[in-house]
2 protein chains.
Amino acid sequence: MGASKTNAFSVEDIEVSAYLKALGHPARIAILNLLIKKQACICGDIVDEISLAQSTISQHLKALKAVNLIKGDIDGVSVCYCINESEWRKAQIMIQDFLEKAKFPKEKCC
Amino acid sequence: MGASKTNAFSVEDIEVSAYLKALGHPARIAILNLLIKKQACICGDIVDEISLAQSTISQHLKALKAVNLIKGDIDGVSVCYCINESEWRKAQIMIQDFLEKAKFPKEKCC
DNA sequence: CATATTAATCGCAATATTACGATAATAGAT
DNA sequence: ATCTATTATCGTAATATTGCGATTAATATG
């Protein structure tokens with residue numbers, strides 16, 4: 001096996017976990033922090049700031065693009081990446097709703 | 001390779017991405033939803049509700065315990081799992097802070 | 001004590017992820 | 001047209017994840 005049994009889970013669980021999974025790597029967090037700080041980034045700038053190979057950065061960018069959290073516009077020979085606002089807000093709402101709905105056992109339990 | 005170059009990233013990025021990674025699987029989201037709904041759950045109840053093998057559920061529980069988002073108390077022959085409130089709040093704050101600090105490009109960019 | 005119940009762990013197989021260097025592909029400059 | 005810069009993709013290797021059945025360990029129960 002190794003692949004997740006996507007048929008066993010609800011569409012919502014799959015969707016929110018896909019966002020969370022895409023965010024679940026320090027390199028991708030670092031990339032997003034950079035995009036947030038600079039508003040937008042040429043791919044090469046990211047490579048300069050994060051000590052990973054260019055091909056590795058490119059892969060992480062691809063993972064973030066796959067869930068639409070970022071978009072990249074071709075600008076001549078380079079590519080300008082930035083946060084995709086609408087999708088970010090959507091992910092934010094889904095994740096926050098999930099985190100906020102947690103109720104904690106008052107009395108005993110564990 | 002295959003392992004992430006943890007030395008290349010900030011402690012904060014590693015910490016928040018560890019929470020996000022632990023949450024980044026539909027089975028673990030489903031488990032947490034169940035724990036939230038029922039307040040607390042015997043492991044066997046989780047196995048009954050989610051169509052995965054007992055050993056697989058146990059592994060996912062281990063992953064959630066590894067980042068302290070849940071705790072399990074031995075109750076005789078069974079184990080009662082529930083959300084770990086303090087760690088949940090900590091993760092929630094870290095994740096929400098990250099998501100909320102995003103600023104979006106006003107004019108052009110991409 | 002023997003037996004059942006429950007959950008963790010082991011061993012294994014399939015697949016996914018992470019990382020890198022090398023190679024393409026594209027656009028700009030000479 | 002040739003060269004350069006930039007980024008994506010390919011190929012490969014190492015490691016991690018997911019999932020399952022079988023086994024183990026621990027505690028009840030007869």
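Each chain gets a letter, A, B and so on, in the order its sequence line appears, and its residues count up from 1. The figures here come from the full heavy-atom set of this structure, side chains too, leaving out hydrogens, waters and symmetry mates.
The side chain of B:K21 contributes no N or O atom lying less than 4.0 Å from OP1 or OP2 of C:dT17. An OP1 or OP2 oxygen of D:dA8 is reached within less than 4.0 angstrom by no side-chain nitrogen or oxygen of A:H60.
Going from atom NE2 of B:H25 over to atom P of C:dT17 covers 10 Å, rounded to whole Å. Remark: P of D:dT7 and CD1 of A:I46 are 9 Å apart, rounded to the nearest angstrom. Rounded to a whole Å, the CD1 atom of B:I50 is 16 Å from the C1' atom of D:dC20. A straight line from CD1 of A:I74 to P of D:dT7 spans 11 Å, rounded to a whole angstrom. Atom pair A:D73:CG and D:dA8:P shows a separation of 12 Å (rounding to whole Å applied). Atom-to-atom, CD1 of A:I70 to P of D:dT7 comes out at 13 Å; the value is rounded to the nearest Å. Per the geometry, NZ belonging to A:K71 stands 20 Å off C1' belonging to D:dT7, to the nearest Å.
Applying the ring pair (Phe, Tyr, Trp, His ring centres under 6.0 Å) test to pairs two or more places apart or on separate chains, none has a residue in residues 36-58 of chain B. Evaluation of the salt bridge (Lys or Arg N to Asp or Glu O under 4.0 Å) test over residues 28-45 of chain B, restricted to residues two or more places apart or in two chains, returns B:K38-B:E49. The ring pair (Phe, Tyr, Trp, His ring centres under 6.0 Å) analysis of residues 39-75 of chain A, with sequence neighbours excluded, yields the pairs A:H25-A:H60.
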Are any protein N/O atoms closer than 3.5 Å to N/O atoms in nucleotides 7-10 of chain C? If there are, list each pair with its distance.
| residue | atom | partner | partner atom | Å |
| --- | --- | --- | --- | --- |
| C:dA7 | OP1 | B:C43 | N | 3.2 |
| C:dA7 | OP1 | B:G44 | N | 3.4 |
| C:dA7 | OP1 | B:V79 | N | 3.3 |
| C:dA7 | OP2 | B:G44 | N | 2.8 |
| C:dA8 | OP1 | B:Y81 | OH | 2.1 |
| C:dA8 | OP2 | B:S58 | OG | 2.8 |
| C:dA8 | N7 | B:Q54 | NE2 | 2.8 |
| C:dA8 | N6 | B:Q54 | OE1 | 3.0 |

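In this structure B:E12 satisfies the salt bridge (charged side-chain N to carboxylate O under 4.0 Å, His left out) test with no other residue, sequence neighbours excluded.
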Solution key, residues 90-100 of chain B side-chain donor-acceptor pairs under 3.5 Å, sequence neighbours excluded:
| residue | atom | partner | partner atom | Å |
| --- | --- | --- | --- | --- |
| B:K90 | NZ | B:E15 | OE2 | 2.8 |
| B:Q96 | NE2 | A:E100 | OE2 | 3.1 |
| B:E100 | OE2 | A:Q96 | NE2 | 3.1 |

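Each of A:D75 and A:A63 has a nearest nucleotide on DNA chain C; the 5'-most of these lies closest to A:A63.
Residues B:A22 and B:L64 come closest through the heavy atom pair O-CD2, 4.0 Å.
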